[in-house]
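A short worksheet on the structure shown next.
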Amino acid sequence: MKHYWLMKTEPGEYSIDDLKKDKSTGWDGVRNYQARNFMRDQMRVGDGVFFYHSNAKPGAVGIAGLAKVCKAAYPDDTAWDENDKHFDPKSNSENPIWFRVDVRFVKKCPEVITLQKLKATPGLEKMVVTQKGSRLSVQPVSPDEWELILKMPEWV
DNA sequence: GCCAACGTTGGC
DNA sequence: GCCAACGTTGGC
């Protein structure tokens, strides 16, 4: 069963343009158990991903493009790199705590689908990202939400 | 930059 | 196991 996802990134750190340039990237640095569990337990090659820009200027916050999972979960070795920003002394190669997946660029939105618009769209009231205080950086998207968002004019 | 909401830590 | 303190996220 194919799943759909929304993955957040700060465009100042890694944007849809970076993914376009790189073609694909390892989604490392996730240090939240719920987000990890989604990646480790449910993400499969071919799953669809909305690439979301968080913590950006007002008007730039929202879905910035489309990606797909191109490699299923494997240990995030940045967790045992002391020099890495996301170093976690509890994790090591025998007993990895944190995982990453790889995602491949599919498409950039000519226009960002803003969070404001998502919140105002009937049918997306229950979407995780539109909930107040929602901080989860890897979150599931229902097939209905996926279809509805893909039909928006911002994609063309 | 502010600050509300959230997740994690650690003392008890 | 509770919960206060703390650090982080992320919209605005």
Side-chain angles (χ1 to χ4, degrees), chain A residues 3-22 25-43 47-67 69 73-103 105-142 144-146 148-150 152-155:
Chain A
H3 289 106
Y4 302 100
W5 308 96
L6 181 148
M7 297 172 86
K8 293 182 185 173
T9 170
E10 302 192 15
E13 298 287 321
Y14 196 87
S15 73
I16 188 71
D17 290 321
D18 294 319
L19 183 63
K20 185 175 185 180
K21 179 159 51 71
D22 294 345
T25 191
W27 207 270
D28 57 34
V30 171
R31 297 293 180 265
N32 170 284
Y33 287 102
Q34 221 184 331
R36 178 206 67 180
N37 291 348
F38 283 131
M39 288 201 292
R40 188 191 58 185
D41 304 337
Q42 294 190 40
M43 274 197 193
D47 281 1
V49 175
F50 286 136
F51 192 101
Y52 181 93
H53 283 173
S54 68
N55 219 347
K57 282 176 286 185
V61 169
I63 293 171
L66 200 59
V69 176
Y74 60 104
D76 180 356
D77 60 10
T78 66
W80 53 84
D81 175 358
E82 279 185 48
N83 297 316
D84 193 275
K85 180 163 81 166
H86 302 289
F87 173 63
D88 180 355
K90 297 193 295 298
S91 186
N92 58 65
S93 53
E94 273 89 62
N95 214 349
I97 298 175
W98 304 112
F99 290 79
R100 57 156 45 121
V101 297
D102 287 359
V103 303
F105 176 81
V106 175
K107 173 171 200 178
K108 176 182 174 177
C109 270
E111 238 183 295
V112 169
I113 303 172
T114 63
L115 176 62
Q116 202 181 8
K117 168 150 183 179
L118 295 174
K119 282 181 170 169
T121 301
L124 299 182
E125 297 88 352
K126 294 192 173 157
M127 204 179 171
V128 182
V129 78
T130 63
Q131 307 306 305
K132 186 181 158 109
S134 167
R135 299 174 19 172
L136 194 58
S137 66
V138 175
Q139 40 178 272
V141 174
S142 79
D144 288 348
E145 291 161 354
W146 182 263
L148 210 160
I149 291 169
L150 276 189
M152 290 180 171
E154 283 85 347
W155 293 102

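We name chains A, B, ... by the order of the sequence lines, and we start the count at 1 in each one. Atoms considered below: every heavy atom in the structure, side chains included; atoms not considered: hydrogens, waters and symmetry mates.
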Practice task
Please report, rounded to the nearest Å, how far the P atom of C:dG11 is from the NZ atom of A:Lys119.
Solution key: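 Distance check: A:Lys119 NZ to C:dG11 P gives 8 Å.
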Enumerate all atom pairs, one protein N or O and one N or O from nucleotides 5-9 of chain C, separated by less than 3.5 Å.
residue: C:dT8; atom: O2; partner: A:Arg135; partner atom: NH1; Å: 3.0
residue: C:dT8; atom: O2; partner: A:Arg135; partner atom: NH2; Å: 3.4

Exercise for the section: Would you check if the side chain of A:Gln139 reaches a backbone N or O of A:Met7 as a donor-acceptor pair within less than 3.5 Å? Expected result: no
Exercise for the section: Verify, without hydrogens or angle tests, whether A:Ser15 (side chain) and A:Asp17 (backbone) share a donor-acceptor contact under 3.5 angstrom. Expected result: yes
Exercise for the section: For A:Lys90, answer base if it contacts any base atom (sugar-phosphate contacts may also be present), sugar-phosphate if it contacts only those atoms, and nothing otherwise; contact means non-hydrogen atoms under 4.0 Å. Expected result: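 Counting heavy atoms under 4.0 Å across all strands, the contact made by A:Lys90 is with sugar-phosphate only.
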Exercise for the section: Provide the closest heavy-atom pair for A:Ser54 versus A:Pro11 in the form atom of the first, atom of the second, distance. Expected result: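 Answer, listing the atom of A:Ser54 first, then A:Pro11: O-CD, 3.2 Å.
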Exercise for the section: Check whether any side-chain heavy atom of A:Ile16 lies under 4.5 Å from a side-chain heavy atom of A:His53, and answer yes or no. Expected result: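 Yes, their side chains come closer than 4.5 Å.
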Problem - OP1 or OP2 of B:dG1 under 4.0 Å from side-chain N/O of A:Lys57 - result: no
Handout entry: Proximity of A:Trp80 and A:Phe87 rings by center, below 6.0 Å
Key = no
